[in-house]
Amino acid sequence: MTDPHVERYKAALDFAERQVAQLTTNAPDFFPIYTENGRWQHGGELWTDWTGGFLAGMMWQFFRRTQDAQWRGRAEHYSRLLEHRQHDRNVHDLGFIFLNTYRPWFEATGEPHLRDVLIQAGRTLAMRFQPKGEYLSSFIGPQSLFIDIMMNVPLIFYAANETGDEDLRRIATAHCRTTRDRLVRPDGSTAHEGLFDVDSGEFQGESTHQGLAPDSAWARGLAWSLYGYSQVYALTGEKEWLDVAERNADYWLTHLPKDHVPYWDFRADLSQPLPWGPQKDSSAAAIAASGLLDLELQTPALDRAVAYRETALAMLDALVAPEYLAVDTPGWEGILKHGVYHTKKNLGVDESVMWGEFFFVEALTKVVDKEH
Ligand code: GLY
């Protein structure tokens with residue numbers, strides 16, 4: 001029997017394909033991060049260059065659904081433009097860049113060179129390891145651990161699995177433990193950043209760049225943690241990581257507003273004016289939806305599996321409506337409206353953001369694919 005969601009999701013994916021095709025025509029080989037007034041091309045600051053894998057990754061998702069040779073050609077071309085990043089030591093985002101591009105490419109072809117790129121990128125990321133504090137440091141500096149890195153550390157487990165390199169596995173495992181013990185709270189919420197004394201490795205406290213406050217619950221950070229620990233469980237089979245993802249999911253499910261799209265921070269004071277008050281982050285909903293669809297298949301508890309799927313579909317149902325999907329917004333070049341990049345820096349606030357686009361497409365494709 002066809003899932004009633006599927007026709008609407010297919011229509012949203014068709015729209016997503018049109019928007020991405022238009023971007024590649026309007027601005028060939030350009031990897032934007034966020035829109036300004038709905039336009040991808042502007043002079044706004046990047047903060048950090050971390051999102052190339054999402055545009056190319058969407059092309060791989062479109063190819064997965066359609067088997068269209070044009071998407072395959074574009075996916076390979078845009079992925080190849082990112083290959084040099086395998087040696088990039090300035091960012092902590094190599095998982096975002098390579099797991100969404102070279103991994104599907106390698107899985108489609110088995111070409112050894114693509115595997116080599118994935119392994120090298122995993123080794124480069126592992127060089128961020130801080131031996132005293134036992135974590136991979138963020139791009140901010142050696143004292144800084146970000147929750148976002150949980151979505152990148154799977155690349156190191158991937159490289160460890162491919163090579164049998166136990167040192168890579170040790171580094172990745174230590175990072176996951178430190179993040180769980182320092183950034184994931186007992187109630188399942190997460191801090192954005194932890195600060196450490198680099199010489200002693202001593203933990204100095206919670207901090208944030210993109211959330212409301214050090215002790216708040218930045219919505220996207222929680223989504224990164226939920227999905228990241230779920231991916232680590234998929235790559236290791238170690239139940240301790242599934243437990244963390246489920247703790248994150250508990251917080252998500254019990255704090256989501258009635259319309260199923262989170263505010264940018266779960267502790268935002270909704271009486272404050274925008275952007276500090278009731279600003280939504282559609283990208284956080286898209287990431288969590290995709291993560292929950294995986295957790296549904298991983299959890300051994302039937303009631304949890306049902307709750308994860310229902311919540312994921314409720315979030316996607318909200319996002320495919322024209323309040324969020326830009327389908328009825330003339331001139332808007334993105335797919336999803338009402339995302340947020342960096343509130344304090346006023347970058348990409350209430351705009352389309354490239355990771356929101358990718359995880360939305362990925363989540364919809366997972367649901368649509370199941371019907372095949
Ligand atoms: N810094 C990664 C993010 O904006 O989620």
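Order of appearance sets the numbers: ligands from 1, and atoms from 1 within every ligand.
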**Report entry** Residue pair Thr35, Trp332: steps toward the side-chain hydrogen bond (donor to acceptor under 3.5 Å, both in side chains) verdict
**Finding:** CA-CA 9 Å; Thr35 61; Trp332 195 277; 4.7 Å; no
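Judged by the 6.0 Å distance and 45° axis criteria, Lys280 is positioned over the aromatic ring of Tyr263.
Surrounding CG of Asp303 are more than 12 heavy atoms belonging to other residues, nucleotides or ligands, all under 6.0 Å away. Counting non-hydrogen atoms of neighbouring residues, nucleotides and ligands closer than 6.0 angstrom, the NZ atom of Lys132 reaches no more than 12 such neighbours.
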Give every pair made of an N or O atom of ligand 1 and a protein N or O atom lying under 3.5 Å apart, one pair per line with both atom names and the distance to 0.1 Å, or write 'none'.
from: ligand 1; atom 1: 1 (N); to: Asp148; atom 2: OD2; distance (Å): 3.0
from: ligand 1; atom 1: 1 (N); to: Gln210; atom 2: OE1; distance (Å): 3.2
from: ligand 1; atom 1: 4 (O); to: Gln210; atom 2: NE2; distance (Å): 2.7
from: ligand 1; atom 1: 4 (O); to: Arg220; atom 2: NH2; distance (Å): 2.5
from: ligand 1; atom 1: 5 (O); to: Arg220; atom 2: NE; distance (Å): 2.7
from: ligand 1; atom 1: 5 (O); to: Arg220; atom 2: NH2; distance (Å): 3.2
from: ligand 1; atom 1: 5 (O); to: Trp224; atom 2: NE1; distance (Å): 2.9

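Ring centers of Tyr135 and His175: at least 6.0 Å apart, outside the cut-off.
Using a 4.0 Å cut-off between charged side-chain N and carboxylate O, Arg123 and Asp165 make a salt bridge.
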